[in-house]
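Before any comments, here is the structure.
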2 protein chains.
Amino acid sequence: MSALSEVGAGTGADTVAGIAQAERRVIRLLIADDEHLIRGALEALLGLEPDIEVVASADNGVTAAELALQTRPDICLLDLEMPHADGIEAAVRILSTVSTRVIIVTRHARPGVLRRALEARVSGFVPKSTPAGELAAVIRDVAAGKRYIDHEIAASALSAERCPLTDRELDVLRVSRSAVGVQQIAEQLHLAAGTVRNYLSSAMTKLNAVSRHEAAEKAWQQGWI
Amino acid sequence: MSALSEVGAGTGADTVAGIAQAERRVIRLLIADDEHLIRGALEALLGLEPDIEVVASADNGVTAAELALQTRPDICLLDLEMPHADGIEAAVRILSTVSTRVIIVTRHARPGVLRRALEARVSGFVPKSTPAGELAAVIRDVAAGKRYIDHEIAASALSAERCPLTDRELDVLRVSRSAVGVQQIAEQLHLAAGTVRNYLSSAMTKLNAVSRHEAAEKAWQQGWI
DNA sequence: GCGAAACCGTGACAAATGTCACTGCTCTAC
DNA sequence: GTAGAGCAGTGACATTTGTCACGGTTTCGC
């Protein structure tokens with residue numbers, strides 16, 4: 001809302017300076033989302049904005065990074081959930097090679113993920129529950145050098161307690177999500193079965209979960225693994 | 001593709017009949033998706049089509065049904081994953097009260113869900129991996145009385161074997177997803193703990209899963225629960 | 001009426017799981 | 001230098017879990 005009015009005021013000032021300057025410098029945008037329908041719909045939505053131009057679109061993090069290098073967009077709009085390289089991985093790759101800004105879009109906004117995103121020097125973080133009309137404003141904000149973090153996610157991230165688990169406990173929980181049985185976890189981590197049980201037990205106590213699955217689920221919800 | 005050319009041919013025939021008839025009868029559309037951003041983007045995408053008009057939009061199955069009753073759209077485009085009443089539940093409600101057609105849009109296209117959708121007399125079933133350009137063609141197809149089922153989902157649904165589980169086994173698996181411990185499952189279903197263990201065991205055998213969680217997961221993947 | 005299949009339950013058993021206590025080792029901070 | 005924290009492991013223990021065998025009931029089709 002406020003961003004829109006600011007842009008409006010800016011355009012007004014420009015027209016005073018020069019009539020030929022009526023159209024603002026367009027924002028060149030890259031979109032990455034693995035769901036074609038959503039990506040196409042977003043392109044249509046943002047294509048309605050006169051000052052935004054979609055110059056590249058990808059369906060995974062790897063090609064997103066490649067296209068960013070080729071097209072050098074002003075803003076990269078990346079979905080968090082993508083095959084192979086997720087949004088944050090893609091952001092890291094892109095920001096290490098191209099001078100651009102990244103906005104992450106996500107469905108399930110887990111607090112820990114926001115932390116990871118900010119560490120990756122992401123400029124914007126918006127959930128898919130955001131009203132469609134605001135997206136363009138967010139893009140303009142970020143293009144103007146501001147940051148935009150969704151209020152609700154920011155609040156829950158601030159109130160969320162720091163991860164109480166040790167590195168090893170996180171390792172064990174991570175593996176336990178895909179492995180069946182303590183023995184398999186132990187083999188994958190080159191540990192004794194008893195050690196794995198101990199880590200799982202302490203993790204379960206700290207998260208007060210009743211089973212290893214619940215503990216892994218809670219850690220995942222918090223974005224710790 | 002073929003649908004698009006058919007529509008084009010139809011328009012051509014109309015112009016011969018009458019010049020004032022140049023614009024076809026518009027398709028009145030209802031959209032339901034719990035993610036505001038996606039819903040808005042879809043509205044923008046379909047708003048580009050001259051013969052499609054979005055007359056209602058909802059963020060859950062219940063209000064979708066209410067709005068369908070009020071606005072009586074030609075087509076209802078329903079997301080499968082929605083809070084309170086999912087897409088199929090909403091479809092059942094709508095089709096029992098309003099004369100309209102329903103298209104289900106979904107992220108994870110599980111074969112069993114397609115069966116449920118067809119039993120609910122749904123006319124279209126498209127995954128979110130569909131190219132954005134095809135959606136309008138699908139809507140026109142369905143509005144013209146045709147059916148549209150995504151080829152890949154249809155194939156996997158045909159090749160998928162019939163559910164080998166009994167009603168009771170499905171009940172137990174369903175509850176096991178949210179309950180921790182056999183005792184809790186037993187209490188919720190008013191059964192003895194041993195009975196629950198037996199059902200779980202037989203279900204695990206039939207699905208050759210190694211734990212109850214895996215069995216529940218497999219049954220869920222197939223859309224049986 | 002009789003077999004088959006689903007339904008509900010019990011009892012017994014081995015294996016897996018979670019808990020606890022205790023022993024070392026290696027850092028790091030005070 | 002020593003106290004604390006994290007790391008790795010062992011052994012013992014009670015509980016939970018999954019499996020098996022068995023005895024009933026009801027329902028349905030032939």
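What you see is a predicted model, and the numbers here were worked out from it, not measured in a lab. Note on naming: letters A, B, ... go to the chains in the order of the sequence lines (proteins, then strands), and numbering restarts at 1 for each one.
The CG atom of B:L30 sits 8.5 Å away from atom OG1 of B:T63, with the distance rounded to the nearest 0.5 Å. Expressed to the nearest 0.5 Å, how far OG of A:S57 lies from CG of A:L77 amounts to 11.5 Å. In this structure, the separation between CZ on A:R174 and CD1 on A:I185 is 12.5 Å, given to the nearest 0.5 Å. Residue B:S123 holds its OG atom at 7.0 Å from CD1 of B:I75, rounded to the nearest 0.5 Å. The structure places CD of B:Q184 at 8.5 Å from OG of B:S178, a figure rounded to the nearest 0.5 Å.
Other residues, nucleotides and ligands contribute over 12 non-hydrogen atoms within 6.0 Å of the CD atom of A:E214.
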Would you sort out whether B:E35 and B:R39 count as a salt bridge (Lys or Arg N to Asp or Glu O under 4.0 Å), showing the intermediate values?
CA-CA 6 Å; B:E35 285 160 348; B:R39 203 172 72 235; over 6 Å; no
Derivation and outcome, salt bridge (Lys or Arg N to Asp or Glu O under 4.0 Å), residues B:D79 and B:K128
CA-CA 9 Å; B:D79 188 21; B:K128 284 189 175 169; 3.5 Å; yes
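In the model, A:E217 has a side-chain atom that pairs as donor or acceptor with a side-chain atom of A:Q221 under 3.5 Å.
The two residues A:R28 and A:T71 make their nearest non-hydrogen contact at NH1-O, 2.9 Å. When all heavy atoms of A:A154 and A:L114 are compared, the pair lying nearest together is CA-CD2, 4.0 Å. Across all their heavy atoms, B:A41 and A:L45 have their closest contact at CA-CB, 4.0 Å.
Axis deviation across the helix from C:dG1-D:dC30 to C:dC30-D:dG1 amounts to 30°, comparing end segments of five pairs, rounded to 10 degrees.
For the segment residues 210-217 of chain B, the set of residues with a heavy atom within less than 4.0 Å of an atom of DNA chain D comprises B:S211, B:R212, in numerical order. Taken residue by residue, residues 169-184 of chain B places no heavy atom nearer than 4.0 Å to DNA chain C. Of the residues in residues 192-204 of chain B, those placing a heavy atom less than 4.0 Å from an atom of DNA chain C are B:A192, B:G194, B:T195, B:R197, B:N198, B:Y199, in numerical order.
B:E134 places no side-chain N or O within donor-acceptor distance of the main-chain N or O of B:P131, the cut-off being under 3.5 Å. A donor-acceptor pair is defined here as one N or O able to donate and one able to accept, closer than 3.5 Å; such a pair exists between the side chain of A:R110 and the backbone of A:W220.
If you take NZ of A:K206 and C1' of C:dG18, they are 16 Å apart, rounded to a whole angstrom.
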Could you go through residues 87-105 of chain B and list every donor-acceptor pair under 3.5 Å that involves a side-chain atom there, pairing it with any protein atom two or more places apart or in another chain?
{"from": "B:S96", "atom 1": "OG", "to": "B:V92", "atom 2": "O", "distance (Å)": "3.3"}
{"from": "B:S96", "atom 1": "OG", "to": "B:R93", "atom 2": "O", "distance (Å)": "2.8"}
{"from": "B:T97", "atom 1": "OG1", "to": "B:R93", "atom 2": "O", "distance (Å)": "3.2"}
{"from": "B:T97", "atom 1": "OG1", "to": "B:I94", "atom 2": "O", "distance (Å)": "3.2"}
{"from": "B:T100", "atom 1": "OG1", "to": "B:P73", "atom 2": "O", "distance (Å)": "2.9"}
{"from": "B:T100", "atom 1": "OG1", "to": "B:D74", "atom 2": "O", "distance (Å)": "3.0"}
{"from": "B:R101", "atom 1": "NH1", "to": "B:A143", "atom 2": "O", "distance (Å)": "3.4"}

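Close approach of DNA chain D to chain A, defined as any atom under 4.0 Å from a non-hydrogen atom of the protein, starts and stops at D:dG6 to D:dA12.
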